[in-house]
Structure formats: structure tokens, C-alpha cells
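Order of appearance sets the numbers: ligands from 1, and atoms from 1 within every ligand.
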Amino acid sequence: MAKKSLGYVELEWICPNCDTRNPGSRRVCINCGTPQPDDVEFHQPAQEIIIEDEKKIEQAKSGPDIHCYYCGARNSATAETCSQCGADLSEGARRDAGEILGAHRDKKAPPIICPACGTPNAPTAPNCVQCGNSLTTAKPEVTPKPITQTGQPIPLPENQSSGGIPARMVLIGVALAAFICVAAFIFLSGRTEEITGTVNNVTWTRTIVIEGLVPVEREAWRNNIPAEAIIGACSPQVRRTQDNPAPNAREICGTPYTVDTGSGFGEVVQDCQYQIYDDYCDYTVQEWRPIDEAEIQGNDFSPRWPALSLAAGQREAGRDETYRVHFRTEEGNFTYTVRDPTAFSRFQSGTRWILEVNTFNNVTAVTPAN
Ligand SMILES: [Zn+2]
Ligand SMILES: [Zn+2]
Ligand SMILES: [Zn+2]
């Protein structure tokens with residue numbers, strides 16, 4: 001995912017000595033003059049405003065501040081020697097950076113009511129304008145959205161099941177029912193009865209499937225359409241999503257969030273992805289499809305294939321033959337299907353056979369009766 005910067009905002013820090021709220025760029029407390037200690041944390045102000053001041057932007061971009069190893073004074077990332085004591089800063093401690101502080105607070109913040117005197121104060125006021133009391137314990141009503149590493153809102157867990165019975169139980173029930181059906185089928189079809197029958201008559205059917213070239217409508221990405229196809233309507237659709245920007249791509253970004261740069265400023269960033277569009281089209285191609293059947297039937301033992309006269313753009317596409325023997329028995333009429341014409345010729349009219357009949361009244365096998 002691509003990180004997109006929306007700019008920088010000034011963070012704030014709370015003086016550990018007097019609880020005064022200080023702008024992130026201040027190196028000493030505006031109220032009591034205490035230097036900012038190296039372990040103080042930067043916070044998001046109640047309302048974050050993207051800064052326009054070039055000098056502040058440069059400071060924000062320069063990276064985490066360095067605290068002097070000797071005197072503890074805070075120096076910019078670009079400084080080589082301490083602005084207070086002149087010590088070499090190469091041994092100084094760089095502030096932490098990169099922590100996600102929360103969703104970008106771009107909405108107008110409500111005033112802070114002084115807990116001591118009740119006076120409404122600006123959301124960024126260091127102390128109460130009326131009585132000078134600290135305002136850091138009276139936080140304005142800000143409810144930051146929960147954010148993940150990427151700044152996206154955390155999705156709420158979905159309900160596991162909508163009904164009273166868990167889905168797993170239903171699945172087990174269905175599987176069990178299916179198993180019982182299959183077992184019953186195997187059991188019942190396995191039971192056969194022997195019946196003696198006489199061949200009453202026979203029928204054969206021979207079929208040839210004829211295919212023709214017919215127009216078929218299909219859909220595909222434009223570059224996957226065969227050259228001979230006729231292209232119909234096309235519309236741009238999302239073909240893939242990638243992390244890097246591209247010409248004509250649609251940018252999809254998550255909620256902006258603020259990252260601590262360690263310089264007293266936060267960078268407001270957004271995680272973005274890019275949808276690449278492409279033409280998805282209807283097209284028509286000629287394909288072989290069954291369009292007709294030639295079929296003949298007979299009641300003799302000389303089966304024949306139907307005579308074909310194929311027109312242009314037609315072809316034969318498969319043959320099928322079926323031979324049926326019709327038996328008369330004391331328990332009614334039965335039909336037995338044979339695949340092979342040689343086996344079929346054994347069922348001369350009037351011959352006697354023993355039929356294996358299962359519980360579904362299907363003849364599963366026949367043997368000559370002596
Ligand atoms: Zn202070
Ligand atoms: Zn120093
Ligand atoms: Zn007050």
C-alpha cells in the first residue's frame with residue numbers, strides 16, 4: 001500500500017513540571033521555562049491544522065530531534081552541536097519517531113471548560129485564560145476512531161449465525177441425511193428377484209448429432225478477445241488493484257492518520273491503493289454447437305445409421321445407439337437395454353430368459369433360461 005502524505009500538523013506536549021500544554025515546536029515550557037525532557041511524549045492536539053509555514057514544514061521534514069548527551073537540551077535533527085552547551089550531538093539520543101498517534105483530527109474541536117472556574121477556553125489553550133489553571137486534565141470530548149496499523153477502521157466482528165441452530169449442526173444433519181439416502185439406495189438396489197420372461201419384441205434407435213457454426217455471445221477483457229470475434233458493447237471495469245499510482249487509475253484511500261515524526265510535528269498520512277481500469281466487452285464468435293439430430297428406429301436385427309446430407313457449415317458430432325428388448329412375464333412387461341448390436345441379436349422373438357429385477361423394477365441382468 002502506498003503512503004500518501006497530506007502534510008504536517010503541530011503536535012503538543014504537556015510540561016511535567018506545571019501541566020501546561022505546549023506547542024510541539026517549543027523547546028522550553030511557555031509557562032515555567034522548564035526545558036522539554038527527552039522522555040516527554042508528543043500528543044495530537046484536539047484539532048489538527050495542516051501547517052503552511054515553510055520553516056515549520058522544513059523542521060517537520062528534518063526528522064527526529066536530538067537531545068544533548070551532556071545538558072539534555074533539545075536540538076533539531078540537522079544540528080551538529082548543541083545550541084545550549086556546544087557539545088557534539090553525534091552521541092545524543094534521537095527521539096522516537098514513526099508511532100501512529102491516531103486518526104487525523106481535522107474537525108473543529110469543542111472548547112475546553114476549565115475544571116476550576118468553568119471558563120470555556122480554546123481547544124489549544126495552554127492554561128485557563130481566566131484563572132491560569134491547568135486544562136490538561138479537562139480533555140475535550142474527542143472520541144478517536146479505532147485504527148489499525150494501516151489507519152483503516154477496525155471492522156466489527158460479524159455475527160456467527162443468524163438463526164437459532166448453528167450452521168455446523170445444520171451441515172452435519174444434511175450430510176447424515178445424504179449418507180442414509182445413499183446407504184438405503186445401495187441396499188435396495190442390491191436386492192434382486194429372478195423372473196422368467198419371453199422376448200416379445202425388440203427396438204433399436206440410432207442417432208447422429210449434427211453440429212453447426214452458430215454465433216455465441218461471450219464476455220472478456222478486450223485484450224483476451226479472439227481476433228476473429230465481433231466486439232460489442234464495452235465498459236471500463238476494475239481489472240486489478242495495485243499499490244503504486246498509475247495513469248487513469250482510481251485512487252482509493254483509507255482514513256487519514258497522524259504519525260509522530262519526533263520533531264514536535266506529526267505527519268498526516270493516508271494508505272492508498274490504485275484501481276486499474278480496463279475495457280470489459282461483449283463479443284460474438286462462431287462456435288460449433290449441436291443444431292440437429294438424424295435418427296432412425298427399427299424392430300429388426302439389422303440396425304442402420306441414418307443417411308446424412310450435411311449442409312455447408314455443418315458437421316457430424318457423435319453417434320449414439322440404443323437397443324431395447326421387451327419381455328413379457330407373469331409379473332408384467334419389462335424392458336432391458338443393450339449397448340452392443342451383437343449381444344442384441346441373441347434376443348430373438350419368443351426366446352426365454354431369466355431376468356434379474358431389482359426393487360426399483362429395473363432389469364439389471366439377463367441370462368438364457370434352459
Ligand atoms: Zn511548565
Ligand atoms: Zn547541550
Ligand atoms: Zn479557569
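For Glu10 (side chain) and Phe265 (main-chain N/O), no donor-acceptor pair under 3.5 Å exists by modelled atom type. A donor-acceptor pair is defined here as one N or O able to donate and one able to accept, closer than 3.5 Å; no such pair exists between the side chain of Asn201 and the backbone of Val199. In this structure a side-chain-to-backbone donor-acceptor pair under 3.5 Å is missing from Trp13 to Arg27. Without hydrogens or angle criteria, His326 side chain to Thr335 main chain gives no donor-acceptor distance under 3.5 Å. Listed for the Ser76 side chain is no donor-acceptor partner under 3.5 Å among the backbone atoms of Thr78.
Expressed to the nearest 0.5 Å, how far OG1 of Thr284 lies from CZ of Arg218 amounts to 11.0 Å.
Vertex the Zn ion (ligand 2); arms to Cys68 atom SG and Cys85 atom SG; angle 100° (nearest 10°). Angle SG(Cys82) to the Zn ion (ligand 2) to SG(Cys71): 110° [nearest 10 degrees].
Within the sub-2.8 Å shell of the Zn ion (ligand 3), the protein contributes these N/O/S atoms: Cys114 SG, Cys117 SG, Cys128 SG, Cys131 SG. Protein N/O/S atoms found under 2.8 Å from the Zn ion (ligand 1), listed by chain and residue number: Cys15 SG, Cys18 SG, Cys29 SG, Cys32 SG.
Partner of Asp65 under the side chain to side chain donor-acceptor pair (under 3.5 Å) criterion, chosen from Gln59, Gln36, Arg74: Arg74.
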Does Asp278 form a salt bridge (charged side-chain N to carboxylate O under 4.0 Å, His left out) with Arg222? I'd like the steps, not just the answer. CA-CA 8 Å; Asp278 210 347; Arg222 190 187 277 276; over 6 Å; no
Arg339 and Asp320: CA distance, side-chain angles, deciding distance, salt bridge (charged side-chain N to carboxylate O under 4.0 Å, His left out) verdict: CA-CA 10 Å; Arg339 279 272 147 196; Asp320 190 35; 3.4 Å; yes
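Taking the six-membered ring wherever Trp is involved, the centroid distance between the rings of Phe347 and Trp353 falls below 6.0 Å.
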